[in-house]
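Take a look at the structure below.
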Amino acid sequence: RGRYLELIAPHPEHPGRGGLLTKAPPDFAPGLFTFAVRVPDLTRLEQLAKSAGVNVSRQKGGRTTPDGTVLTWETAMLSGHPFGSYVPFFIRWGEVTHPSETAPQGCELLGFTVFHPQHLELSKLYGALELGVPVLEAEQPRFQAVLGTPKGELVLDKA
């Protein structure tokens with residue numbers, strides 16, 4: 001428990017819904033574009049980021065689920081580094097039942113890897129932020145997620 005995988009994409013029949021992706025750009029292609037890391041203490045993250053020479057901006061958010069439960073959270077975005085969306089955003093959930101407890105069951109995140117041409121520098125930043133995500137060398141940056149599903153393993157990878 002405590003791990004939560006949410007795949008978000010624009011829906012062709014409902015382009016105005018959502019908030020993160022309301023309409024796909026013309027050149028949109030499916031893929032993994034960023035990820036979030038759950039942290040219990042954003043102040044600690046700010047200290048780690050500052051020590052690594054990275055800036056942090058925080059924002060509060062929330063939504064009401066279909067059953068009326070109010071979910072609240074605070075996110076932290078990092079800037080001042082050359083890695084764009086290959087540095088995750090961070091989330092601290094409010095005092096509610098974590099979505100991993102209420103989300104549909106059946107899939108499990110078995111592995112997550114970041115591939116990047118500047119793998120040594122990115123890995124160093126991940127280490128400074130105390131992230132346990134492997135970073136491997138590749139010509140083109142990309143993410144790879146391995147899911148365990150009722151029908152076997154599924155690899156989500158976009159080169």
Side-chain angles (χ1 to χ4, degrees), residues 1-11 15-65 69-103 109-147 156-159:
R1 294 273 185 221
R3 290 185 178 189
Y4 174 64
L5 178 65
E6 182 174 3
L7 302 175
I8 302 170
H11 192 290
R17 287 193 186 167
L20 291 174
L21 279 175
T22 56
K23 185 177 180 187
D27 60 347
F28 176 79
L32 301 174
F33 298 100
T34 193
F35 66 106
V37 173
R38 180 183 182 190
V39 292
D41 183 357
L42 288 175
T43 301
R44 168 92 171 120
L45 171 70
E46 285 178 319
Q47 293 167 345
L48 295 172
K50 183 177 178 180
S51 294
V54 177
N55 303 316
V56 178
S57 61
R58 291 165 66 161
Q59 183 175 3
K60 293 184 183 220
R63 69 177 173 89
T64 303
T65 66
T69 302
V70 176
L71 298 177
T72 60
W73 59 81
E74 187 172 5
T75 58
M77 305 294 286
L78 277 56
S79 61
H81 59 79
F83 303 109
S85 65
Y86 289 89
V87 171
F89 69 93
F90 297 82
I91 187 166
R92 184 190 60 76
W93 289 95
E95 300 299 321
V96 296
T97 302
H98 187 266
S100 66
E101 300 289 327
T102 58
L109 181 62
L110 301 176
F112 187 82
T113 306
V114 176
F115 295 86
H116 202 280
Q118 296 173 290
H119 68 288
L120 295 176
E121 295 89 348
L122 183 56
S123 187
K124 182 178 176 182
L125 179 56
Y126 278 23
L129 297 172
E130 300 179 350
L131 298 178
V133 177
V135 182
L136 302 178
E137 183 177 15
E139 286 186 29
Q140 296 296 319
R142 72 181 198 279
F143 298 114
Q144 181 182 79
V146 180
L147 306 178
L156 301 177
D157 192 344
K158 179 182 174 191

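- Contact annotation: the side chain of Lys60 never approaches that of Thr72 to less than 4.5 Å [non-hydrogen atoms, C-beta and beyond].
- Nearest heavy-atom pair across Asn55 and Gly80 is ND2-CA, 4.1 Å.
- Atom OG1 of residue Thr75 and atom CZ of residue Phe89 lie 7.0 Å apart, to the nearest 0.5 angstrom.
- Annotation: side chain of Val39 is not in contact with side chain of Glu74 (no heavy-atom distance under 4.5 Å).
- Atoms CH2 and CZ, from Trp73 and Arg63 in turn, are 6.0 Å apart once rounded to the nearest 0.5 Å.
- Partner of Val135 under the side-chain contact (heavy atoms from CB on, under 4.5 Å) criterion, out of Glu121, His119, Lys124: His119 alone.
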Less than 3.5 Å apart, which donor and acceptor atoms pair up between the side chains of residues 109-117 and the rest of the protein, not counting sequence neighbours?
from, atom 1, to, atom 2, distance (Å)
His116, ND1, Gln118, N, 3.0

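- A centroid separation of less than 6.0 Å is found between the aromatic rings of Phe143 and Tyr86.
- Taken to the nearest 0.5 Å, the CD atom of Gln59 stands 11.0 Å off from the CD1 atom of Ile91.
- Summarising the geometry of Pro88 relative to Leu131, their closest heavy-atom pair is CG-CD1, 3.8 Å, with the distance given to 0.1 Å.
- In plain terms, the two heavy atoms of Ser79 and Val54 that are nearest each other are O-CG1, 3.1 Å.
- A distance-only check finds a donor-acceptor pair linking the side chain of Thr34 to the backbone of Ser85 [under 3.5 Å].
- Contact of the Lys50 side chain with the Gln47 side chain is not registered, since no non-hydrogen atoms from C-beta on lie closer than 4.5 Å.
- In this structure, OG1 on Thr65 lies 5.5 Å from CG on Leu71, to the nearest 0.5 angstrom.
- We find the CZ-CZ distance between Phe90 and Arg38 to be 14.5 Å, quoted to the nearest 0.5 Å.
- Annotation: side chain of Leu125 is not in contact with side chain of Leu78 (no heavy-atom distance under 4.5 Å).
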